[in-house]
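Worksheet for the structure shown next.
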Number of protein chains: 2
Amino acid sequence: MYEKARIGIDPVIFTIHENKLKVLLRKREKEPFKKKYELFGGLIEKNENAKSALKRKLKEVLDTNKFFFKQFHTFTNPKRDPRMRTISIGYVALIEKSNVKNFNDWFDINKISQTTNHPLQTKLAFDHENIIRKATIFLKENLDFFAKHLLPDKFPLNMLQSIYEIILEEKFDNRNFRKQMINSFVKETEEYEKKVSHRPAKLYLFNG
Amino acid sequence: MYEKARIGIDPVIFTIHENKLKVLLRKREKEPFKKKYELFGGLIEKNENAKSALKRKLKEVLDTNKFFFKQFHTFTNPKRDPRMRTISIGYVALIEKSNVKNFNDWFDINKISQTTNHPLQTKLAFDHENIIRKATIFLKENLDFFAKHLLPDKFPLNMLQSIYEIILEEKFDNRNFRKQMINSFVKETEEYEKKVSHRPAKLYLFNG
DNA sequence: GCAAAAGTGTTACGGCTACACCCATGG
DNA sequence: CCATGGGTGTAGCCGTAACACTTTTGC
């Protein structure tokens, strides 16, 4: 016989800060998983679809409407929440760092997943470590489409390169990287960086 | 306040038959959407995850365990089922045609989506036309990984090429196609096609 | 004038595209 | 011997990779 379930949404919220890929987490104050870290999830309400629930939750958590998100996988293990059957729709969410109010609760992705080797002693609540792992893979696979949401409208090409290098954990040749981006995704503006104590960079825009 | 929902799984089951990409559908016998066609969906039961529910359902519908499937999107519109709130996890499922028992209920994908231009008069129940459309896009985008599940273990290269051509609706140069596949996905065997009234093709296998 | 980061051009290589004819088998 | 589909090689082009020095600004 079928069983009804609560429908959760779990956004894995990423930003780039201090040259690290970071995820927003909070510490649980109640059981289960008291004092473990978790994603800022929520539940879908009556007459609401997942997208609206997600927007509502992100607005509440981030205190802005300036974010991007995309669904990547739905998690349905019947024991994933020990209290009550709850499935969760996983989203990747991206916010540009100048829209972030404070960086207290943001964690370096590489500091989180280093616990992966200790399956019995995970730092994270529920299946959230798994959700974050899958979200990170999804982010890497789709970086060409997602990178713009981690940048201001106008940005120096080297900032774009550094986002690729941080997320893909790989260095790129500066000349080749510029050529590729100009050929496919970005175009130059007439503006320049300001107030930097070195040669100011030309600013670029994403096409389309 | 949150609302519990039924959790459905909706596999879009594809095969290649008579040089067409076909989807398995059934005609509804009851309201709502009586006499419209629908996917062979199901509901997740107690203590069951989506993957098990899907396997159970596919086994029942296809009368075999020889199929492949992959989750691609979850549909959550609160009005998608007029009877009761039901979200649905969409899967692409693939079956090789020699494992199909009969082809009565299989529909050419291009005959289904030609109704897309008439939004007020869809042939399909619920949001299943939308689910099929998204599944088809997902199949196209991932064909390099999925093609093997539409073929027998050992197959002629030209059969692989025809699968690419049917699904992507695009012709490929035979020499170039062979070189690419041999370089990346397949290797030859020592076996040949049998009982064909022309030069028998060498059979190939997927790597790994 | 020094520190810091921006910006730029060329060559070599490899992969991709375009293209047309011969081969093996059954009937 | 004919019909049917299987199978093959090469040359040109294009994109990618490798590589190091000059420029602009603030201080």
Side-chain angles (χ1 to χ4, degrees), chain A residues 16-20 97-98 140-141 143-144 147 150-207, chain B residues 16-20 97-98 140-141 143-144 147-148 150-166 168-207:
Chain A
I16 299 282
H17 181 235
E18 293 171 337
N19 291 319
K20 302 271 189 258
K97 72 161 174 283
S98 71
K140 288 181 182 181
E141 287 173 348
L143 189 54
D144 284 347
L150 292 166
L151 287 165
D153 283 353
K154 294 172 185 171
F155 54 88
L157 271 187
N158 287 349
M159 191 182 289
L160 178 58
Q161 182 173 349
S162 104
I163 283 175
Y164 270 77
E165 293 181 344
I166 291 163
I167 294 177
L168 301 179
E169 299 176 291
E170 190 182 344
K171 291 287 178 190
F172 296 98
D173 178 88
N174 183 250
R175 281 171 283 196
N176 295 336
F177 184 87
R178 290 168 162 267
K179 276 179 273 182
Q180 285 166 17
M181 289 295 141
I182 290 167
N183 274 326
S184 40
F185 301 125
V186 304
K187 57 172 182 284
E188 65 177 26
T189 69
E190 295 305 308
E191 293 175 58
Y192 289 84
E193 247 182 336
K194 278 166 192 156
K195 298 176 193 161
V196 287
S197 74
H198 55 75
R199 178 172 174 180
K202 182 164 269 201
L203 301 181
Y204 286 75
L205 275 174
F206 274 90
N207 302 325
Chain B
I16 300 281
H17 181 236
E18 294 172 336
N19 292 319
K20 303 271 188 258
K97 72 161 174 282
S98 71
K140 287 181 181 180
E141 287 173 348
L143 189 54
D144 285 348
K148 65 179 294 188
L150 293 166
L151 288 165
D153 283 354
K154 293 173 185 170
F155 54 88
L157 270 187
N158 288 347
M159 192 182 289
L160 179 57
Q161 183 173 346
S162 104
I163 282 176
Y164 270 77
E165 293 182 343
I166 292 164
L168 301 179
E169 300 175 292
E170 189 183 346
K171 290 287 178 189
F172 297 98
D173 178 89
N174 183 249
R175 279 170 288 196
N176 295 336
F177 184 86
R178 287 166 166 268
K179 276 179 275 181
Q180 284 168 17
M181 290 295 142
I182 291 166
N183 275 326
S184 39
F185 301 125
V186 304
K187 58 172 183 286
E188 64 177 27
T189 70
E190 295 304 309
E191 293 176 57
Y192 289 85
E193 244 183 336
K194 279 165 189 153
K195 299 178 193 160
V196 286
S197 73
H198 54 76
R199 179 173 173 178
K202 182 164 270 200
L203 300 181
Y204 287 76
L205 277 174
F206 274 89
N207 302 325

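This is a predicted model, so every value here is computed, not measured. Below, read A as the first sequence line, B as the second, and so on, with proteins coming before strands; counting in each chain starts at 1.
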Within 6.0 Å of NZ in B:Lys140, more than 12 heavy atoms from elsewhere: yes
Rounded distance in Å - NZ (B:Lys202) to P (C:dT25): 12 Å
Residue pair A:Ala147 / A:Tyr164: nearest heavy atoms and the distance that separates them: CB-CE1, 3.9 Å
Spacing of CG belonging to B:Leu160 relative to CG belonging to B:Leu143, to within rounding of 0.5 Å: 8.0 Å
Whole-Å gap separating C1' (D:dG7) and CG (B:Leu203): 14 Å
Flag, side chain of B:Glu193 to backbone of B:Ala201, donor-acceptor distance under 3.5 Å: yes
Close side-chain approach of A:Asn158 to A:Arg178, heavy-atom, < 4.5 Å: yes
For DNA chain D, the residues among residues 185-192 of chain A that have a non-hydrogen atom under 4.0 Å from it: none
Atom-to-atom span, NZ of B:Lys195 to C1' of C:dG26 - whole angstrom: 14 Å
Distance, rounded to the nearest Å, where A:Gln161 contributes CD and C:dA5 contributes C1': 12 Å
Rounded distance (Å) that lies between atom C1' of D:dG5 and atom CG of B:Asn19: 13 Å
Atom pair distance, as rounded to whole Å: CE in A:Met159 and C1' in C:dG7: 16 Å
Nucleotide-resolved protein contact map, nucleotides 14-19 of chain D, B/S/- at heavy-atom distance under 4.0 Å: ---BBB
Close side-chain approach of B:Met159 and B:Pro152, heavy atoms under 4.5 Å: yes
Given DNA chain D, 5'-ward residue of the pair A:Asn174 and A:Val196, judged by closest heavy atom: A:Asn174
Side chain to side chain, B:Tyr204 and B:Thr189, heavy atoms closer than 4.5 Å: no
Approximate separation, where rounding is to 0.5 Å, of B:Met181 CE and B:Leu157 CG: 8.5 Å
Protein-nucleotides 1-3 of chain C N/O pairs under 3.5 Å:
none

Note, B:Phe206 side chain near B:Asp153 side chain (heavy atom, < 4.5 Å): no
salt_bridge(B:Glu191, B:Lys154) N-O dist < 4.0 Å: yes
Below 4.0 Å: OP1/OP2 of C:dG7 and any side-chain N or O of A:Arg199: no
Between C1' of C:dA6 and CZ of A:Phe172, the distance in whole Å: 19 Å
Spacing of A:Lys194 atom NZ relative to C:dA6 atom C1', expressed in whole Å: 17 Å
NZ-CD1 distance between B:Lys148 and B:Ile163, expressed to the nearest 0.5 angstrom: 13.0 Å
